[in-house]
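Proteins come first, then strands; the chains are lettered A, B, ... in the order of their sequence lines, and each starts at number 1.
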There are 2 protein chains.
Amino acid sequence: MKWVKNVVNKMKEQEAYLEQLFEKYEIKFKAVADKQRLQIMHVLTTNGSMSVGDLMPKMDMAQSKLSYHLKILLDADLILKETQGTWSYYSININSVNHLLSEELCCLFRPANK
Amino acid sequence: MKWVKNVVNKMKEQEAYLEQLFEKYEIKFKAVADKQRLQIMHVLTTNGSMSVGDLMPKMDMAQSKLSYHLKILLDADLILKETQGTWSYYSININSVNHLLSEELCCLFRPANK
DNA sequence: ATCATTAATCAACTTTTTTTGATTAAGTTC
DNA sequence: GAACTTAATCAAAAAAAGTTGATTAATGAT
């Protein structure tokens with residue numbers, strides 16, 4: 001019966017779609033599942049664009065460690081990077097954060113929240 | 001100067017508050033930072049309240065493994081548990097999910113989304 | 001060209017998380 | 001109460017994530 005096959009196929013498609021989706025969100029949620037990275041995001045929110053060197057004292061973190069965490073946030077598309085010569089400037093990706101977190105939470109990562 | 005001390009104290013309070021907040025969210029985000037657990041949440045969403053035994057075939061997962069992941073979601077307050085005799089029934093905690101995730105994401109964890 | 005600066009990457013190590021199979025505890029059924 | 005069912009917990013092993021210090025690559029300054 002043709003329609004049975006069609007239904008089964010639809011279900012398989014749906015499953016594959018969800019699996020992909022969950023994988024994507026796993027990466028994003030892993031990125032925010034660390035208080036140090038949440039702190040980085042918060043510092044970038046309140047200070048705007050910052051170089052790794054600027055972040056080091058604010059986070060009290062060694063350079064290689066900071067680079068490691070920044071890469072995770074960048075791979076999850078939660079922050080943006082702009083290279084200028086030998087400097088790397090990072091900033092929050094508000095758009096991406098808004099699509100991921102609840103409104104009340106986003107407030108924490110919105111510039112100049114009062 | 002008294003006002004300097006006051007300002008410094010306020011800042012320290014703010015810092016302590018944020019640190020606590022980030023720790024709380026670390027736990028919640030860790031819980032959703034796993035595709036298997038996202039899948040569990042989704043199954044609970046579409047099927048309503050389920051026992052561990054019901055979930056096993058749906059997740060194709062051994063009992064002890066399932067209990068492990070359910071505990072993580074429960075500790076993060078993202079699911080609810082009701083014990084009836086020797087059965088444990090788990091269900092999604094919509095309220096908590098709504099406060100954590102973006103609206104578009106919550107749709108995935110809202111019963112009967114069309 | 002040499003030296004200094006900035007930040008990414010690497011490799012070894014540590015810590016945390018996840019998986020697995022077995023055991024335990026508590027409640028049913030006969 | 002003996003046997004069975006359900007699900008939590010445990011301990012050992014495996015896998016993944018995070019930390020550390022050193023190296024590298026690329027750019028800038030002298």
Starting from the 5' end of DNA chain D, give me the residue, A:G85 or A:Q63, whose nearest nucleotide shows up first. A:Q63
Within the 4.0 Å heavy-atom criterion, would you say A:S64 contacts the bases, only the backbone, or no part of the nucleic acid? base
Select base, sugar-phosphate, or nothing to describe what B:Y89 touches, counting heavy atoms under 4.0 Å on all strands. nothing
D:dA7 phosphate, OP1 or OP2: any side-chain N/O from B:S51 under 4.0 angstrom? yes
Salt bridge (charged side-chain N to carboxylate O under 4.0 Å, His left out): pairs with one or both residues in residues 69-84 of chain A, sequence neighbours excluded: A:K71-A:D75
Among all residues two or more places apart in sequence or in another chain, which pass the side chain to side chain donor-acceptor pair (under 3.5 Å) test with A:S51? A:D54
Taking side chain to side chain donor-acceptor pair (under 3.5 Å) as the test, write out the residues that go with B:S67, two or more places apart. B:Q63
Using the heavy-atom set of chain A and a strict 4.0 Å cut-off, write down the first and last nucleotide of DNA chain C that makes it in, 5' to 3'. C:dT6 to C:dT9
Looking at D:dG28, does its base get a donor-acceptor pair with the side chain of A:T86 below 3.5 Å? no
Assign each of B:Q84 and B:A62 the nucleotide of DNA chain C bearing its closest heavy atom; nearer the 5' end lies the nucleotide of B:A62
List, with names and distances, any nitrogen or oxygen atoms from the protein found under 3.5 Å away from nitrogen or oxygen atoms belonging to nucleotides 13-19 of chain D.
| from | atom 1 | to | atom 2 | distance (Å) |
| --- | --- | --- | --- | --- |
| D:dA17 | OP1 | A:K30 | NZ | 3.3 |
| D:dG18 | OP1 | A:R37 | NH1 | 3.4 |
| D:dG18 | OP1 | A:R37 | NH2 | 3.1 |
| D:dG18 | OP2 | A:Y68 | OH | 2.8 |
| D:dT19 | OP1 | A:Q36 | NE2 | 3.0 |
| D:dT19 | OP2 | A:H69 | NE2 | 2.5 |

Relative to the ring of A:H42, is the ring of A:F109 parallel (under 30°), tilted (30 to 60°) or perpendicular (over 60°)? perpendicular
Look at the aromatic rings of A:F29 and B:F29 and report parallel, tilted or perpendicular, splitting at 30° and 60°. parallel
Residues that A:E23 engages under salt bridge (Lys or Arg N to Asp or Glu O under 4.0 Å), provided they are two or more places apart: B:K35
In whole angstrom, what separates [X]'s [atom1] from [N]'s [atom2]?
X     : N      : atom1 : atom2 : value
A:E82 : D:dT27 : CD    : P     : 16 Å
B:K81 : D:dT6  : NZ    : C1'   : 11 Å
A:W87 : D:dG28 : CH2   : P     : 8 Å

